[in-house]
Student: 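What follows is a structure written as structure tokens; I'll ask about it next.
Start at 1 and go down the list; that is how both ligands and their atoms are numbered. All residue numbers in this chain count up from 1 along the given sequence.
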Amino acid sequence: MEYSIVIPVYNEEECLRELFARLDETLPVLDGEYEIIFVDDGSADRSPEMLREHAKANSHVRVIEFEENCGQSAAFDAGFKAARGEIVVTMDADLQNDPADIPKLLEKLDECDAVSGWRAKRQDPFLKRISTKIANWVRNRLSDEDVHDSASSLKVFKREALMKVRMFNGAHRFMPTLIKMEGCKVTEVPVTHHPRHAGEAKYGIGNRMFRAFYDLIGVRWMKKRRLKYRIKGES
Ligand code: UDP
Ligand code: MG
């Protein structure tokens with residue numbers, strides 16, 4: 001298996017039909033076998049049934065269902081562990097990311113271990129755009145980074161590199177840093193970003209800012225205190 005596309009889903013019934021159609025349209029251009037792993041993060045709407053039905057009709061599709069809502073990072077983690085592909089692709093279920101950008105990210109994977117989509121022209125409400133700009137600035141300052149867009153879901157990883165990362169609740173906002181901390185190389189590539197197609201955004205300023213800041217302190221600490229040594233010789 002070449003590619004595993006991992007997509008967390010939380011109450012996205014209004015987006016799924018269109019998402020299935022877009023994936024069917026765009027993924028066959030990948031030169032290799034692929035699977036799509038949808039991880040239902042405890043949705044209370046019709047998403048789980050829709051995913052199950054889709055999996056029955058489409059042999060590329062697998063579905064993992066959580067008992068309850070555990071967060072986007074947990075959903076990614078379950079998808080990563082289930083992934084059989086050498087390359088893991090992540091994206092959101094709401095089509096704010098465009099699966100047509102995947103080949104562009106894959107092109108760069110020859111030169112590094114992960115490629116992160118940078119939503120250069122972000123299509124979100126003004127307050128969200130501003131708060132994300134500030135969040136990226138603070139994140140870069142405190143974690144000594146220069147990542148334009150850390151939390152964008154559209155990313156591609158060599159599975160080998162991804163498996164080195166220890167995920168935690170909130171880790172999805174720090175993937176470039178977490179991967180680099182494992183000695184891997186990450187590149188950013190500008191990608192298209194669409195307004196949310198349907199359904200509701202799961203994060204606002206209130207449920208993001210404090211949590212993300214708390215996590216940032218943890219990442220800063222982990223990065224500073226990570227073990228750095230080279231063995232000169234053994235006898
Ligand atoms: N999501 C999830 N669990 C959550 C919150 C979100 O699996 O607790 C999924 C959601 O269904 C979507 C992705 O994570 O596929 C990103 O969420 P959203 O689009 O609401 O985030 P935003 O684009 O507003 O940052
Ligand atoms: Mg979104």
Student: Is it the case that the ring center of F38 lies less than 6.0 angstrom away from the ring center of F20?
Tutor: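 For F20 and F38, the ring centres are under 6.0 Å apart.
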
Student: So is P8 polar-close to ligand 1, meaning N/O to N/O under 3.5 Å?
Tutor: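 Right, the criterion is met.
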
Student: Of all the atoms in ligand 1, which lie at a distance below 4.0 Å from a heavy atom belonging to K202?
Tutor: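 So the atoms of ligand 1 that pass are 5 (C), 6 (C), 20 (O).
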
Student: Among protein heavy atoms, which sits nearest to atom 19 (O) of ligand 1, and what does the distance come to when rounded to 0.1 Å?
Tutor: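 Nearest protein contact, heavy atoms only, for atom 19 (O) of ligand 1 is D94 OD2, 2.7 Å.
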
Student: Assess whether side-chain hydrogen bond (donor to acceptor under 3.5 Å, both in side chains) is satisfied between D45 and Y10, documenting all intermediate values.
Tutor: CA-CA 9 Å; D45 66 359; Y10 181 48; over 6 Å; no

Student: Quick check: A201 and ligand 1, any N/O pair under 3.5 Å apart?
Tutor: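 No; the residue has no nitrogen or oxygen that sits under 3.5 Å from a nitrogen or oxygen of the ligand.
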
Student: Return the option from I7, D40, D41 holding the heavy atom at the smallest distance from atom 3 (N) of ligand 1.
Tutor: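 Ranked by closest heavy atom to atom 3 (N) of ligand 1, first place is D41.
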
Student: If hydrogens are left out, which of D92, N97, L16 has an atom nearest to atom 16 (C) of ligand 1, that is, the closest non-hydrogen atom?
Tutor: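 Comparing heavy atoms across D92, N97, L16, the nearest one to atom 16 (C) of ligand 1 lies in D92.
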
Student: May I ask you to list the atoms of ligand 1 that are less than 4.0 angstrom from any heavy atom of Y203?
Tutor: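 Within the 4.0 Å cut-off of Y203, ligand 1 contributes 5 (C), 6 (C), 17 (O), 21 (O), 25 (O).
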
Student: Given side chains that start at C-beta, do those of C70 and D41 come closer than 4.5 Å, heavy atoms only?
Tutor: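 Of all side-chain heavy-atom pairs linking D41 with C70, at least one is under 4.5 Å.
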
Student: Find, among atoms of D94 that are N, O or S, the one nearest to the Mg ion (ligand 2), and state its name.
Tutor: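 D94's closest N, O or S atom to the Mg ion (ligand 2) is named OD2.
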
Student: When you measure from atom 1 (N) of ligand 1 to every protein heavy atom, which one gives the shortest distance, and what is it?
Tutor: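 Answer, as residue, atom name and distance: Y10 CB, 3.7 Å.
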
Student: Do D98 and H194 come close enough that some side-chain heavy atom pair is under 4.5 Å?
Tutor: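 Result yes, sub-4.5 Å side-chain heavy-atom pair found.
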
Student: Nearest heavy atom to atom 23 (O) of ligand 1: which of R122, E12, Q96 does it belong to?
Tutor: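 Looking at heavy atoms only, the winner is Q96.
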
Student: Within this structure, what is the CD1-CD1 distance for the pair I36 and I5, rounded to the nearest 0.5 Å?
Tutor: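 Interatomic distance, I36 CD1 to I5 CD1, rounded to 0.5 Å: 6.0 Å.
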
Student: Test your reading of the model: is there a side-chain donor-acceptor pair from K158 to the backbone of C112, 3.5 Å cut-off?
Tutor: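 Yes, because the side chain of K158 sits within donor-acceptor range (under 3.5 Å) of the backbone of C112.
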
Student: Please tell me if the side chains of E200 and E14 come closer than 4.5 Å, counting only heavy atoms from C-beta onward.
Tutor: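 Answer no - side chains too far apart.
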
Student: Examine all N, O or S atoms of Q96, backbone included, and report whether one is under 2.8 Å from the Mg ion (ligand 2).
Tutor: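 Q96 does place an N, O or S atom closer than 2.8 Å to the Mg ion (ligand 2).
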
Student: Has K128 got any heavy atom lying under 4.0 angstrom from an atom of ligand 1?
Tutor: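 The answer is yes, since K128 has a heavy atom less than 4.0 Å from ligand 1.
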
Student: Does some non-hydrogen atom of R196 fall short of 4.0 Å from ligand 1?
Tutor: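 R196 counts as a contact of ligand 1 under the 4.0 Å cut-off.
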
Student: Identify the protein heavy atom lying closest to atom 14 (O) of ligand 1, giving its residue, its atom name and the separation to 0.1 Å.
Tutor: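 Going atom by atom, the protein heavy atom closest to atom 14 (O) of ligand 1 ends up being Q72 CD, 3.2 Å.
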
Student: Can you tell which part of V9 has a heavy atom less than 4.0 Å from ligand 1: side chain, backbone, both or neither?
Tutor: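 Answer for V9: backbone.
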
Student: With no hydrogens and no angle check, do the side chains of S47 and D40 hold a donor and an acceptor under 3.5 Å apart?
Tutor: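 Short answer, no.
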
Student: I'd like to know if E53 pairs up with K56 as an ion pair, taking the criterion as any Lys NZ or Arg NE/NH1/NH2 lying under 4.0 Å from an Asp or Glu carboxylate oxygen.
Tutor: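 No, E53 and K56 are not salt-bridged.
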
Student: Using a strict 4.0 Å threshold on nitrogen-to-oxygen distance, state whether D77 and K81 make a salt bridge.
Tutor: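 Looking at D77 and K81, the cut-off is met.
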
